[in-house]
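Encoded as structure tokens, the structure appears first; notes follow it.
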Amino acid sequence: MTARTLQGFMELLPQEQIVFNHMKSVIAHTYELFGFAPLDTPVLELAEVLLSKSGGETEKQIYEFKKGDTDIAMRFDLTVPLAKYIALYNNDLTFPFKRYQIGKVYRGERPQKGRFREFYQCDIDIIDRDELNIVYDAEVLAVIYTVFSKLNLPKFKIYINNRKLLGGFLQSLDIADKTVEVLRLVDKIKKIPEEAFLGELSDLGLAEDKKQKLLKFIKINGLNNEIITQLENLHIENENFVAGLDELKTVIAQAQNLGLPAENIQIDLSITRGLDYYTGTVYETFFDDYPQFGSVCSGGRYDNLSSVFMDKKFPGVGISIGLTRLFDQLRANNLLPIKELTPNKALIIPQDDAFVNEAVNLAGKLRLQNIAVDVMYRQCKFKKKMEYANKIGVPFLIIIGEEEAKSGMFACKNMTSGEQKTLKLDELIETLK
RNA sequence: GCGGAUGUAGCUCAGUUGGUUAGAGCGCUGGUUUGUGGUACCAGAUGUCGUGAGUUCGAAUCUCAUCAUCCGCCCCA
């Protein structure tokens with residue numbers, strides 16, 4: 001029997017897991033800073049619940065199995081479970097409802113670079129009854145901005161667009177029946193050459209002038225305000241287009257009002273998002289210098305979250321950070337501060353077995369002071385003990401030997417500076433706190 | 001689901017036109033006299049060369065099959 005892990009499942013060494021957990025907790029704290037309440041739903045759901053919304057592609061990727069007579073599936077995102085949750089508990093919830101959820105999701109796809117079969121999603125969503133104010137779309141930008149700033153990551157940009165714009169534009173060209181296919185193609189424009197793009201549009205049966213108009217439209221660029229002016233100057237009368245433009249203007253204006261730096265937010269008319277339940281604002285986040293990472297945080301606004309489960313209307317807006325992919329890509333590019341192997345602040349080293357009593361006693365006292373410590377019980381040469389301390393990267397060493405036992409003091413060594421002091425208990429606590 | 005590549009120590013890889021006991025670096029273990037580390041030096045362990053079959057006097061090297069991994073496409077975090 002050889003030990004191995006299923007492909008597409010990430011396992012980390014302690015020094016990596018510490019960084020991963022730190023990132024997870026920064027994300028959770030930031031979400032709470034913006035007033036999102038925690039939510040946890042089961043990894044397993046009834047297959048009929050999870051499959052209720054999905055189209056062909058996601059359905060193929062869902063892990064599904066039978067236990068007895070029950071068809072069970074593993075969640076492939078956190079949005080469908082949220083929809084179920086809202087449908088079940090909307091009478092007990094207070095709206096606007098803001099929740100965050102950080103959990104593992106499962107997709108049985110072919111793993112490739114940055115693709116996992118089990119991965120963490122860190123979601124936020126704001127849901128309201130009947131109608132959700134557009135300013136929330138700007139708040140979502142603020143959350144993304146704050147999270148990525150606090151994580152201390154490379155320069156990033158949040159790209160936004162509004163689906164009503166392109167939808168309305170296609171209506172104005174009288175090709176609204178091709179919307180889904182066109183959106184999918186537009187989403188690929190950065191990946192494929194222009195001729196290929198135009199070729200595929202021809203395959204959809206688009207006339208030459210419409211192809212050119214569409215291409216010109218999605219290539220509109222510049223500063224956010226310049227793009228908005230250009231869109232206004234198109235003078236398109238379509239109702240959807242006008243509404244989309246209006247929403248986009250509000251989101252940009254409120255983002256500015258929230259104090260978000262202009263260089264981190266960019267309107268990009270080619271961002272559409274594949275998922276067809278988005279109806280308004282859409283977001284994607286990329287690192288300026290690492291576009292190959294793909295989008296590390298994306299989402300958008302949807303009109304009706306729980307429509308498959310009930311008649312009531314619950315519009316919402318939300319995003320998801322793919323933490324597993326984000327971590328994996330950062331690690332592969334040496335962009336993570338991976339050092340410590342231990343959450344301990346200090347390691348207590350009794351010189352030999354004669355001083356174990358003092359060491360145990362001290363460990364108890366320090367832990368009562370909320371200081372994480374460990375004792376090196378394994379007896380070996382002092383040099384080995386030092387090597388252990390080095391390897392786990394513990395910041396302080398407390399040495400207890402004959403001198404210390406006699407004086408009731410403790411030798412405390414700072415492992416970074418090499419400086420060593422003999423301290424009384426209260427001084428020691430002060431140093432370690 | 002479709003297409004392309006690769007499998008040699010824990011990791012990254014070398015291995016010449018098939019030729020004796022398969023190598024390097026990093027890591028790991030131990031040592032450089034027994035209360036002070038990260039460096040340096042010395043020594044050591046580790047492989048059915050992915051698996052199975054075939055060709056051959058002889059296979060890590062050639063052929064076939066199989067499994068696994070990686071990379072595109074699709075879709076997406």
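Protein chains get the first letters and strands the later ones, always in sequence-line order, with residue 1 at the start of each.
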What residues, two or more places apart in sequence or in another chain, satisfy side chain to side chain contact (heavy atoms under 4.5 Å, CB included) together with A:D289? none
Taking side chain to side chain contact (heavy atoms under 4.5 Å, CB included) as the test, write out the residues that go with A:K433, two or more places apart. A:Q369, A:I371, A:I429
Mind running a 4.0 Å heavy-atom check of residues 316-327 of chain A against RNA chain B and sending the residues that fall below it, in number order? A:G322, A:R325
Listed partners of A:Q17 passing side-chain hydrogen bond (donor to acceptor under 3.5 Å, both in side chains), at least two apart: A:N21
Applying side chain to side chain contact (heavy atoms under 4.5 Å, CB included), name anything that partners A:P154, two or more places apart in sequence or on another chain. A:F287, A:Y290, A:L330, A:L335
With sequence neighbours left out, what residues match A:F217 under ring-ring contact (aromatic ring centres under 6.0 Å, His included)? A:F169
For residues 343-382 of chain A, which residue pairs pass the ring-ring contact (aromatic ring centres under 6.0 Å, His included) check, not counting sequence neighbours? none
The dot-bracket string of RNA chain B, counting Watson-Crick and G-U wobble pairs with both distances under 3.5 Å, using [ ] for crossing pairs and | for pairs to another strand, is (((((((..((((.....[...)))).(((((.......))))).....(((((..]....))))))))))))....
What pairs of residues pass the salt bridge (charged side-chain N to carboxylate O under 4.0 Å, His left out) test when at least one of them lies in residues 360-382 of chain A, not counting sequence neighbours? none
Between the protein and nucleotides 28-30 of chain B, list the N/O to N/O atom pairs that are separated by less than 3.5 angstrom.
from	atom 1	to	atom 2	distance (Å)
B:C28	OP1	A:K391	NZ	3.4
B:U29	OP2	A:K391	NZ	3.2
B:G30	OP2	A:K384	NZ	3.3

Which pairs count as salt bridge (charged side-chain N to carboxylate O under 4.0 Å, His left out) when at least one residue sits in residues 27-44 of chain A, sequence neighbours excluded? none
For A:D288, the side chain to side chain contact (heavy atoms under 4.5 Å, CB included) test, sequence neighbours excluded, returns A:K155, A:K157
